[in-house]
Amino acid sequence: MPTTREKQEEVEVVVQEMTPQVEGPVRRSSRRTLVPKRLRYSPEETPEEPTIKQQRQEKHNKIKNQKKKVDLKEQDPSDIENSDGAQTSEEYGGLSAYELERLENIRQNKAFLSTLDIFQASEELKWSSKPKPSQRGLMRSQAAQSESLPARRSLRLQNKEAEVLTLPPEPKGTLTYEQPLKKPPGPLPMIPVNLDEGSKLPSQLVELCSESSTEQVKAKLHLKEYRSALSHMKITPGRVAKVVKDRIFSAAFHPCTSSLFMAAGDKWGRVGLWSVESDWGHDGVLLFEPHTRPVGCMAFSTAQPTHLLSLSYDGSLRCMDVEKAVFNDVYDTADGLKTFSFMSDDCLSLLVGNWYGEVAVVDRRTPGNTHESLHTLDQVLRCVSVHPLQKQYFAVAERKTVSIYDSRYLKRNIQPVSQLRGHSLSISSAYFSPCTGNRVLTSCMDGNIRIYDTSALTSEAPLLTAIRHNMNTGRWLTKLSAMWDPKQEDCFVVGSMALPRCVQVFHENGQLQHTFKDDENLTTVLSVTAFHPTRNALLGGNASGRLHAFSD
DNA sequence: ACGTGATGACTCC
DNA sequence: TGGAGTCCCTCACG
C-alpha cells in the first residue's frame with residue numbers, strides 16, 4: 001500500500017510534466033508548492049493489494065516508485081485521477097485510434113523497460129554509493145539519554161500531589177537565551193561532556209599523552225619508497241569515528257607512536273580526543289567544550305605532549321593540560337582569533353593572528369601570558385606560519401599576497417622581507433615547509449595550490465609550481481588547505497571534492513604521488529587533513545565531526 | 001567582481 | 001510520524 005509520501009512524489013512528477021518546458025532542473029520545493037491539495041490525496045487512486053511482499057516491502061517500494069515515475073511520465077495529465085490504465089479504458093470505452101496507439105506504446109515501453117535491469121541497477125547504485133556512516137565515537141545524544149531515563153509516569157498515576165507549575169522568569173534582554181560569546185576565563189576544569197557527570201579522565205589518557213615520540217625522524221625517502229609507504233596505509237571501519245558533534249575546523253595528531261591518538265575541533269568550540277585503540281568514553285572518544293565558536297587551529301606541544309593548544313574564533317587561545325586536567329588561558333582578545341604558529345622549539349612562544357591582520361607574540365612563561373607586541377598589517381589575515389629554522393621569520397597569508405616578515409621588527413608599517421605574488425583570489429593557507437623552510441605551500445580560492453621557493457628570501461619569492469585543484473567547497477565545508485608531510489619535506493596532502501571521495505598527496509613539482517580512496521570508509525569530503533609527525537599515518541576530518549585515520 | 005553570510009533535502013530510527 | 005542526523009559541486013547581495 002503506497003504511503004502518502006509516495007503519492008506525493010507521484011503527483012510531483014506529474015506536475016513537472018504539466019509545467020511548460022523548463023530549462024534546467026526545477027527545484028523540488030518550488031514544484032511542491034504548485035501541487036493542489038486535492039490531487040495529493042485523490043480518493044480515486046486505487047491502492048495496491050496489501051497482501052504481497054511484507055518482508056521486501058521497503059526495497060520493493062523504492063523500485064516501484066521509480067517505475068511509477070517512468071510510467072506516469074508516459075501519461076497525459078488527464079490521466080492523473082486514474083493512474084490505472086486498464087480501468088480507464090473500461091470506464092471510458094471508445095478510445096480514439098490515437099489514444100489506443102498511445103496505450104500500446106506505453107505497454108511496449110513498459111515491456112522493454114522491464115527487460116532491462118535499470119531499476120535493480122539504480123537500486124544497487126543507490127546502496128553502494130551511500131553506505132551507512134560509521135557509528136563509532138559519539139553516540140546520538142538523544143538515544144544515549146533516553147536509554148538511561150526511567151519510564152515516564154504521570155504524578156496522577158503515582159497518586160502524588162500535582163506540582164505547582166510556575167512560569168520561568170521573563171528573560172531580561174535579548175541575549176539571555178543566546179549562547180554566551182565566550183567561556184569564562186580559565187583555568188576551566190577538563191570535564192568530558194560525553195561521560196556521566198562526575199566522571200574523571202581515564203588515567204590511561206594521561207599515560208598516553210605523556211608519551212612523546214619514540215621514533216627518530218626518518219631520513220627523507222626516495223619518492224618510489226614514499227609512494228610505496230603511502231600505498232600501504234589503509235583505513236578500516238575501526239579507524240573512523242565521530243569525535244566532535246559538528247563540522248571539523250581543525251585537527252591534529254598527537255606525537256605518540258604506540259597508538260593513533262588525535263584531536264579535532266568543531267564549529268561550536270568543542271574539542272574531541274580520540275584514541276583509536278582505547279575504549280574509554282565512546283569508542284575511545286572524549287569530548288570537551290573549551291570554546292564557543294569554531295576552533296580554527298590546534299596543535300599538540302612537541303616539547304610537552306600533554307599540552308594541546310587550541311584557538312577559537314571566539315577570541316580565546318587555551319592550553320589543555322591533561323596532567324592537571326584543566327584548560328588554561330594562553331591568550332584572550334575581544335577580536336576573533338584566526339590562527340597561531342609555534343615560535344620556539346619548546347612551544348612556549350607563539351605567534352597568534354586575528355582576522356584583521358593583527359599578529360601578537362605570546363609567551364606562555366610570562367605571568368598572565370601577556371603578549372609581547374602587536375602589529376597591524378592593515379590586511380586581512382588567513383594564516384600565519386613561522387619559519388622552522390629561522391624562527392624570527394613568519395609568513396602571513398594576506399588577501400592576495402603572502403608576506404614574510406621579521407618578528408624582530410614588529411612595528412607599525414614594517415616592510416616584508418619577502419612576498420609571494422600571483423594569487424588572483426583570497427588565500428586560505430600558507431605554510432613553510434617543515435624541515436628547512438625552503439618552500440612555502442599556499443592554497444588559494446582561485447583553484448590553485450602553489451609552491452614558492454623561499455630559500456633565498458628575496459624581495460619576491462619565485463613561484464615553483466602551481467597545481468590546479470578544486471577549492472570550491474561551497475557553504476557547508478571547511479576550506480581545503482594543503483598541508484606538508486612533516487616526514488617528507490617536499491610532499492603534501494590535500495583533501496578533494498572529487499568523486500569518489502579521496503585524499504591526494506602531491507610532490508612539490510606537482511606530481512601526484514598517491515590517492516587515498518576507500519569505497520566503504522571514505523565516503524565524504526575530508527576538508528581537514530594532516531600527516532602524523534613520525535608514523536606513517538594520515539588523518540582527515542569531515543563536515544559531520546568524523547575523523548578518519550589511514551595507517552600502515 | 002569578490003567576499004560574505006545565508007539551508008535544506010533526504011534518510012533513518 | 002516527527003525529530004535528529006547527515007552532509008553537501010549555491011547564490012544573492014552589497
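Numbers restart at 1 for each chain; the letters A, B, ... are given by sequence-line order, proteins then strands. Values reported hereafter were calculated over all heavy atoms of this structure, with side chains retained and with hydrogens, waters and symmetry mates removed.
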Practice task
Can you tell me the distance, in whole Å, between the CD atom of Gln135(A) and the P atom of dG5(C)?
Solution key: 11 Å
Exercise for the section: Check Arg546(A) against Lys242(A) and note the closest heavy-atom contact, atom names and distance. Expected result: CG-CA, 3.9 Å
Handout entry: Whole-Å gap separating C1' (dT11(B)) and NZ (Lys132(A))
Key = 11 Å
Practice task
Quick one: sort the His423(A) and Tyr452(A) rings into parallel, tilted or perpendicular, breaks at 30° and 60°.
Solution key: tilted
Handout entry: dA6(B) to dT6(C) separation - P atoms, rounded to the nearest Å
Key = 24 Å
Handout entry: Separation of dC8(C) C1' from Lys267(A) NZ (nearest whole Å)
Key = 12 Å
Practice task
Taking side chain to side chain contact (heavy atoms under 4.5 Å, CB included) as the test, write out the residues that go with Lys479(A), two or more places apart.
Solution key: Ser428(A), Met445(A), Thr473(A)
Problem - Same-atom distance (P) from dG8(B) to dC13(C), integer angstrom - result: 15 Å
Please list each protein N or O that sits under 3.5 Å from an N or O in nucleotides 1-5 of chain B, with the distance.
{"unit_1": "dG3(B)", "atom_1": "OP1", "unit_2": "Ser426(A)", "atom_2": "N", "d": "3.4"}
{"unit_1": "dT4(B)", "atom_1": "OP2", "unit_2": "Arg382(A)", "atom_2": "NH2", "d": "3.1"}

Practice task
To the nearest Å, give me how far apart CZ (Arg136(A)) and C1' (dT6(C)) are.
Solution key: 19 Å
Practice task
Using the P atom on both, measure dC7(C) against dG5(B) and round to a whole Å.
Solution key: 26 Å
Fill in the blank from the handout: Atom CG of Leu477(A) and atom P of dC9(C) are separated, to the nearest Å, by 8 Å
Handout entry: Separation of atom CG in Leu480(A) from atom P in dC7(C), rounded to whole Å
Key = 17 Å
Handout entry: Pairwise C1' distance for dC9(C) and dC12(B), with rounding to whole Å
Key = 25 Å
Practice task
Take atom P in dT4(B) and the same atom in dC8(C), then report the distance between them in whole Å.
Solution key: 23 Å
Problem - Between C1' of dT10(C) and CE of Met471(A), the distance in whole Å - result: 19 Å
Problem - Straight-line distance of Ile248(A) CD1 to Leu477(A) CG, nearest 0.5 Å - result: 12.0 Å
Exercise for the section: Starting at atom CG of Leu547(A), determine the distance to atom P of dC7(C), rounded to an integer number of angstrom. Expected result: 13 Å
Exercise for the section: Decide yes or no for Phe288(A) and Leu273(A): does some side-chain heavy atom of the first lie under 4.5 Å from some side-chain heavy atom of the second? Expected result: yes
Completion exercise
Which of Leu350(A), Val352(A), Val359(A) passes side chain to side chain contact (heavy atoms under 4.5 Å, CB included) with Val384(A)? Answer is Val359(A)
Fill in the blank from the handout: The residue, Ala498(A) or Arg546(A), whose nearest nucleotide of DNA chain C is more 5′ is Arg546(A)
Exercise for the section: Could you check whether Trp476(A) and the base of dT7(B) form a stacked pair, meaning centres closer than 5.5 Å and planes differing by less than 30°? Expected result: yes
Problem - Thr465(A) side, atom OG1; Gln511(A) side, atom CD - distance, nearest 0.5 Å - result: 10.5 Å
Handout entry: P spacing across the pair dG14(C) / dT7(B), given as an integer number of angstrom
Key = 16 Å
Practice task
Return no unless some side-chain N or O of Lys245(A) is found under 4.0 Å from OP1 or OP2 of dA4(C).
Solution key: no
Practice task
Answer yes or no: does atom CD of Glu277(A) have more than 12 heavy-atom neighbours from other residues, nucleotides or ligands under 6.0 Å?
Solution key: yes
Exercise for the section: Using only side-chain N and O atoms of Ser544(A), determine if any of them is under 4.0 Å from OP1 or OP2 of dC7(C). Expected result: yes
